[in-house]
Engineer: 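My questions all concern the structure below.
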Amino acid sequence: MSPVFDCTTDQGRADAIPKAADGIRRGALVVLPTDTVYGIGADAFSPAAVHALLAAKGRGVDMPPPVLVAEARTIDGLAASVPDYARALIDEFWPGPLTIVVQAQPSLAWDLGDTGGTVALRMPDDDVALALLKVVGPMAVSSANRTGYPSSRTVVEAASQLGASVEFYLDGGPSTGGLASTIVDCTRDEPSLLRVGALSEEQVMAVVERSRADALELTGAVSGADVETPAPSQDEPRETSTDE
């Protein structure tokens, strides 16, 4: 039986995080709470661990897991380019139930599956998840359930589906979200919603449109500031003094 750590208290969390982190570094899988549903996580930079995660879920490499991060600024080390509207979404909804898909840095030594050169990134709004991510760095995390079965809202539900394939179970209490994150494809000039979850399409597009309106207003202000009053032409007649 895999150990279950009570992370609902500061003391329990202080005991659990270092042990789970050590396990992740050697390729183990961990179930952790997030602000949406419970997730099953692995070191994003360990291909063997990521493949073990997919196997535990009964999923193939054609369904690569998202990557969770502890800080928004981490995105610049993982993404090759981030559109302005994507940064506006991050500013508005991270940490929170928003996953953005961006072009991945081609130099990164990871294998998340058949991603087509992209990566799905999210910063969860959960103290346990963030504490673990701050210690181990980016983690590949998918919902803690077998493919085709309901997402887990408690650690018991996750354990009943994943069993001994997971080495550490971090219990943060029942998840308060219940809905999966909203996924937005930000690899093009126009955002595309791949999945509507905890955030509605209206919420997402309102931020995108506001960011573009702000950019246009700023551009107009800068252009206006660049207009200078022309200096008098050297060919213009000058006044002549009548005093000789």
Side-chain angles (χ1 to χ4, degrees), residues 2 4-5 7 16 20 23-24 27-44 46-47 49-70 93-102 110-115 118-133 136 138-185 193-200 204:
S2 302
V4 178
F5 293 90
C7 294
I24 291 169
L29 303 182
V30 59
V31 158
L32 67 157
T34 77
D35 51 330
T36 54
V37 296
Y38 269 77
I40 175 176
D43 181 357
S46 170
V50 172
H51 290 173
L53 183 157
L54 294 174
K57 285 181 61 71
R59 178 177 288 186
V61 295
D62 58 319
M63 299 180 71
V67 172
L68 299 192
V69 298
F93 297 120
W94 279 16
L98 170 74
T99 299
I100 64 167
V101 179
V102 290
W110 61 13
D111 180 8
L112 299 172
D114 297 338
T115 65
T118 65
V119 61
L121 299 172
R122 185 166 92 86
M123 180 183 175
D125 189 10
D126 182 271
D127 291 341
V128 177
L130 291 174
L132 184 60
L133 290 164
V136 301
M139 290 179 61
V141 179
S142 185
S143 57
N145 58 280
R146 294 283 296 177
T147 298
Y149 289 81
S151 299
S152 300
R153 298 189 61 182
T154 67
V155 76
V156 173
E157 291 176 1
S160 69
Q161 295 193 53
L162 301 172
S165 63
V166 173
E167 187 166 341
F168 298 93
Y169 286 87
L170 306 185
D171 185 1
S175 63
T176 57
L179 291 176
S181 67
T182 294
I183 304 176
V184 183
D185 183 346
L193 269 74
L194 303 181
R195 180 180 73 192
V196 176
L199 298 174
S200 68
V204 170

Engineer: With a 4.5 Å cut-off on side-chain heavy atoms, are P124 and L133 touching?
Structural biologist: yes
Engineer: Are any of the side-chain heavy atoms of M123 and L130 separated by less than 4.5 Å?
Structural biologist: yes
Engineer: So, the side chain of Q161 versus the backbone of P150: is there a donor-acceptor pair under 3.5 Å, distance only?
Structural biologist: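 Here the side-chain-to-backbone pair exists.
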Engineer: If you take all heavy atoms of G113 and P64, which pair is closest and at what distance?
Structural biologist: CA-CB, 4.3 Å
Engineer: For V37 and S143, what are the C-alpha separation, side-chain angles and deciding distance, and is it a side-chain contact (heavy atoms from CB on, under 4.5 Å)?
Structural biologist: CA-CA 7 Å; V37 296; S143 57; 4.2 Å; yes
Engineer: Quick check: closest heavy atoms across L53 and S142, and the distance to 0.1 Å?
Structural biologist: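 Scanning both residues, the minimum pair turns out to be CD2-CB, 4.1 Å.
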Engineer: Do the side chain of S2 and the main chain of V166 share a donor and acceptor less than 3.5 angstrom apart?
Structural biologist: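 Such a contact is found between S2 side chain and V166 backbone.
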Engineer: Taking the side chain as everything from C-beta on, heavy atoms only, tell me whether V30 gets closer than 4.5 Å to L170.
Structural biologist: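 Counting from C-beta outward, V30 and L170 do come under 4.5 Å.
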Engineer: May I have the step-by-step check of side-chain contact (heavy atoms from CB on, under 4.5 Å) for F93 and D125, ending in yes or no?
Structural biologist: CA-CA 10 Å; F93 297 120; D125 189 10; over 6 Å; no
Engineer: If every non-hydrogen atom of S151 is compared with every non-hydrogen atom of E157, which pair is closest and at what distance?
Structural biologist: O-OE1, 4.0 Å
Engineer: Find the distance between CG (L112) and NE2 (H51) and round it off to the nearest 0.5 Å.
Structural biologist: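 Reported to 0.5 Å precision, the distance equals 8.5 Å.
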Engineer: Can you find a pair of side-chain heavy atoms, one from R153 and one from P174, that are under 4.5 Å apart?
Structural biologist: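 A side-chain contact under 4.5 Å is absent here.
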Engineer: Any heavy-atom pair between the side chains of V102 and V119 that's under 4.5 Å?
Structural biologist: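 Yes - at least one pair of side-chain heavy atoms lies under 4.5 Å apart.
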Engineer: I need the minimum non-hydrogen distance between V101 and I183, along with the two atoms involved.
Structural biologist: CG2-CG2, 3.8 Å
Engineer: Atom OG1 in T118, atom CD1 in I100: separation rounded to 0.5 Å?
Structural biologist: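 That separation rounds to 11.5 Å.
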Engineer: Would a 4.5 Å heavy-atom cut-off, applied to side chains only, mark T36 and S175 as touching?
Structural biologist: no
Engineer: Treating R122 as the side-chain partner and P66 as the backbone partner, does any N or O pair qualify as donor plus acceptor under 3.5 Å?
Structural biologist: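 Here the side-chain-to-backbone pair does not exist.
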Engineer: Kindly indicate whether the side chain of Y169, heavy atoms from C-beta on, has any atom under 4.5 Å from the side chain of L162.
Structural biologist: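 Yes, close enough: below the 4.5 Å cut-off.
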Engineer: Under the 3.5 angstrom rule, does the side chain of S46 hit a backbone N or O of D43 as a donor-acceptor pair?
Structural biologist: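 The answer is no, because no donor-acceptor pair under 3.5 Å joins these two groups.
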Engineer: If I take atom CD1 from residue I24 and atom CZ from residue F168, how far apart are they, to the nearest 0.5 angstrom?
Structural biologist: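 That separation rounds to 8.5 Å.
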Engineer: Let me see the working for V50 and D111 under side-chain contact (heavy atoms from CB on, under 4.5 Å), right down to the final yes or no.
Structural biologist: CA-CA 8 Å; V50 172; D111 180 8; over 6 Å; no
Engineer: Considering only NZ, NE, NH1 and NH2 on the basic side and carboxylate oxygens on the acidic side, decide whether R195 and D185 come within less than 4.0 Å.
Structural biologist: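 Salt bridge between R195 and D185, a charged N being under 4.0 Å from a carboxylate O: no.
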Engineer: Please examine the side chains of T182 and L193, heavy atoms only from C-beta on, and report whether any two atoms are closer than 4.5 Å.
Structural biologist: yes
Engineer: Nearest 0.5 angstrom please: L68 CG to T99 OG1, how far?
Structural biologist: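 These two atoms lie 7.5 Å from each other.
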Engineer: Under 3.5 Å, is there a donor-acceptor pair between the side chain of K57 and the main chain of I40?
Structural biologist: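 Such a contact is absent between K57 side chain and I40 backbone.
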Engineer: If you apply the rule side-chain contact (heavy atoms from CB on, under 4.5 Å), what do you find for V155 with Y38, and how did you get there?
Structural biologist: CA-CA 7 Å; V155 76; Y38 269 77; 4.0 Å; yes
Engineer: I'd like to know if the side chain of S152 reaches the main chain of A158, judged simply by a donor and an acceptor atom lying under 3.5 Å from each other, with no hydrogens or angles considered.
Structural biologist: yes
